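Owing to the predicted nature of the structure, the values given are computational and were not obtained by experimental measurement. Here is how names work: the chains are called A, B, and so on, in the same order as the sequence lines, proteins then strands, and each is numbered from 1.
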Amino acid sequence: MREATRYFLTTAIDYPNSRPHIGTAFEKIGADVQARFRRMEGYAVHFLMGNDENTIKVSQRAEELRIEPKPYVDEMARQFRKVWAALEISCDDFIQTSEPRHHVGCQKFLQAVSDAGDIYKKAYTGLYCTGCEAFKTEKELVDGRCPNHPNTPLRAVQEENYFFRLSAFGDRLLAHYRANPEFIQPESRRNEILNLVESGLQDISITRKGFSWGIPVPFDPEQTIYVWFDALLNYITAIGYGTDEARFRSLWPADVHVIGKDITRFHCALWPAMLMSAGLPLPRRVFGHGFVYNKGAKISKSAGTAIDPMDVFRIHGADAFRYYFMRECPFNGDGNFSEERFAEVYNADLANNLGNLYSRTLSMCIKYFDGRLEGSSAIEPDAWLAGLDLSALVADLREKIGDFEYHVALQRIWLEVLGAANRYIDATAPFRLAKTDLAACKVVLVNLAEALRVIAILIKPFLPRTAEIFYRAFNFEQSQGWDRVGNGDVPARPAVPDWHVTAALVGGKPAPLFPKIEVKGPDA
RNA sequence: UGCGCCGUGGAGCAGCGGUUAGCUCGCCAGGCUCAUAACCUGGAGGUCGUAGGUUCGAUUCCUGCCGGCGCAACCA
């Protein structure tokens with residue numbers, strides 16, 4: 001068997017200061033859709049996520065809780081993974097930057113960059129706010145004070161740090177952007193970075209002195225590696241850089257880093273420069289997705305606008321949650337979340353359209369044929385398409401999903417495929433044929449069963465649970481197991497002789513997949 | 001201030017150099033009854049923020065302005 005093409009994708013690693021909110025969930029879902037889609041296309045996907053743990057805040061928080069940092073980050077990682085699992089995020093690996101594999105790889109990398117002559121030591125003088133435990137720039141100050149801690153005087157602190165010669169990489173970065181237009185996506189992010197790098201880069205301090213929680217600098221144990229330099233390296237340390245070179249070589253470079261638009265500069269300027277210095281290939285693509293706002297307001301923990309994803313999908317299910325964000329919030333731009341809008345989208349697209357199509361199809365099969373469509377193999381189920389060209393549609397969806405244009409892909413599926421099925425029922429009226437022409441009625445139902453199968457495949461990356469329920473509504477697995485079903489199976493009618501309903505029934509009827517959300521009226 | 005984004009029928013969003021500007025919700029009128037009071041058809045409603053420019057032609061490209069927002073480099 002031919003070795004499948006590898007596809008390595010990553011998300012940003014998260015600060016484990018607090019639980020994930022819907023904004024971080026948005027990113028993971030978007031990446032997961034890509035991972036699932038690529039698997040369906042036959043790629044050997046490696047999907048990496050993780051937590052960013054070597055930060056001052058983590059050690060402070062652990063201290064507040066009177067526990068050691070390591071048990072603290074382990075517990076947070078457990079909670080994060082639990083949320084991601086509940087959201088059906090299909091990552092293959094989850095790295096914590098406190099793990100030995102990361103420490104080893106980081107030190108090796110830093111040494112490599114140092115050997116390349118891109119690291120030097122320099123005294124840095126700055127105003128330090130003890131309230132924030134951070135340096136402040138002149139621009140940030142309000143009346144010479146830290147805006148967050150106006151009563152705490154700033155201290156002038158001088159510290160010797162190691163610097164990375166980022167400024168030396170400007171021309172090479174620009175050359176790379178020009179030679180690889182798809183390196184930074186979407187276009188607006190690319191323009192931003194082009195602008196930034198053209199205006200000149202400054203060297204960046206990459207170590208801190210006096211912190212015990214973090215990765216020691218190999219050639220100066222008094223210093224630890226600063227979080228940004230350290231965090232980016234997770235993409236290579238997780239796959240064996242410094243610990244398993246063969247594996248590293250088989251997976252690197254990454255096909256895409258999925259990140260938030262706020263950290264594009266680190267991924268598109270600093271990160272490639274680091275890799276160039278160490279003599280490693282650059283990732284093929286960086287995709288900076290937009291943000292999710294809470295009714296137009298920025299998601300902020302302090303302002304109380306953060307929403308816990310669990311609150312939403314605990315009630316309505318992970319698939320509904322995933323659908324909302326993928327359909328409603330363009331991945332290359334910003335979107336909004338509100339309970340009202342969620343209920344609207346859920347009821348219209350999932351309950352009335354998708355779920356109801358499932359219900360009415362199965363109900364008729366059960367009611368008129370006791371669930372058995374005998375002789376189905378003699379029927380060519382393409383009437384329901386009414387001229388819709390499925391292979392052209394799939395080709396277009398490949399392009400759209402490959403470019404992270406999920407909202408467009410979903411709109412097409414709903415408008416054209418679900419629409420075709422619902423219109424077909426209306427046009428043929430199988431409920432009427434059941435009284436006059438059972439054979440004709442069966443033809444319609446075989447068509448509808450086929451429609452459910454096609455829909456199952458098309459929505460598989462987005463709504464994995466629902467897709468599986470659709471596929472398993474009939475005995476299609478006798479010809480192809482669900483786990484192996486891919487986009488190539490859309491036009492391939494299953495060679496199963498007598499299609500029959502295998503769906504779970506409640507009281508002889510299919511249970512509603514997406515029970516409608518009762519919308520509260522203004523006086524409720 | 002610099003950079004970026006947004007301003008499209010009542011609401012929320014797509015779209016994008018070119019046939020009658022789409023979708024969802026809401027509203028109105030029909031049809032249907034298999035289904036989660038769901039589904040299907042049709043209708044009302046927009047001079048695509050504003051003033052100019054480029055073009056045979058702009059909602060779509062450029063510039064100014066108005067309004068909203070995000071980011072501004074050791075700050076995630």
Among rU36(B), rU33(B), rA76(B), which is the nearest nucleotide to the side chain of F431(A)? rU33(B)
Consider the side chain of S363(A), meaning its heavy atoms from C-beta on, and name the nucleotide among rC34(B), rU36(B), rA76(B) that approaches it most closely. rC34(B)
Applying a 4.0 Å non-hydrogen cut-off, can you work out what W414(A) is touching in the nucleic acid: base, sugar-phosphate, or nothing? nothing
Scan L415(A) against the nucleic acid and name what it touches under 4.0 Å (heavy atoms): base, sugar-phosphate only, or nothing. sugar-phosphate
Within the 4.0 Å heavy-atom criterion, would you say A348(A) contacts the bases, only the backbone, or no part of the nucleic acid? sugar-phosphate
Could you pick out which residue, R189(A) or G355(A), lies toward the 5' side of RNA chain B when each is mapped onto its nearest nucleotide? R189(A)
With sugar-phosphate meaning primed atoms plus P, OP1 and OP2, does G419(A) contact a base, only sugar-phosphate, or nothing at under 4.0 Å between heavy atoms? nothing
Which is true for P330(A) with a 4.0 Å heavy-atom rule: it touches a base, it touches only sugar-phosphate, or it touches nothing? sugar-phosphate
Is there a donor on the side chain of N353(A) or the base of rA38(B) sitting less than 3.5 Å from an acceptor on the other? no
Of the candidate nucleotides rG12(B), rA76(B), rG70(B), which contains the atom at the shortest distance from the side chain of R341(A)? rG12(B)
Among rG31(B), rG70(B), rC23(B), the nucleotide that comes nearest once only the side chain of D426(A) is considered: rG31(B)
Any ion pair linking D334(A) and K261(A) (charged N to carboxylate O, less than 4.0 Å)? yes
Side chain of A231(A) (C-beta onward), nearest among rC3(B), rU36(B), rA76(B): rA76(B)
Do the side chain of N356(A) and the base of rA35(B) come within less than 3.5 angstrom through a donor-acceptor pair of N or O atoms? yes
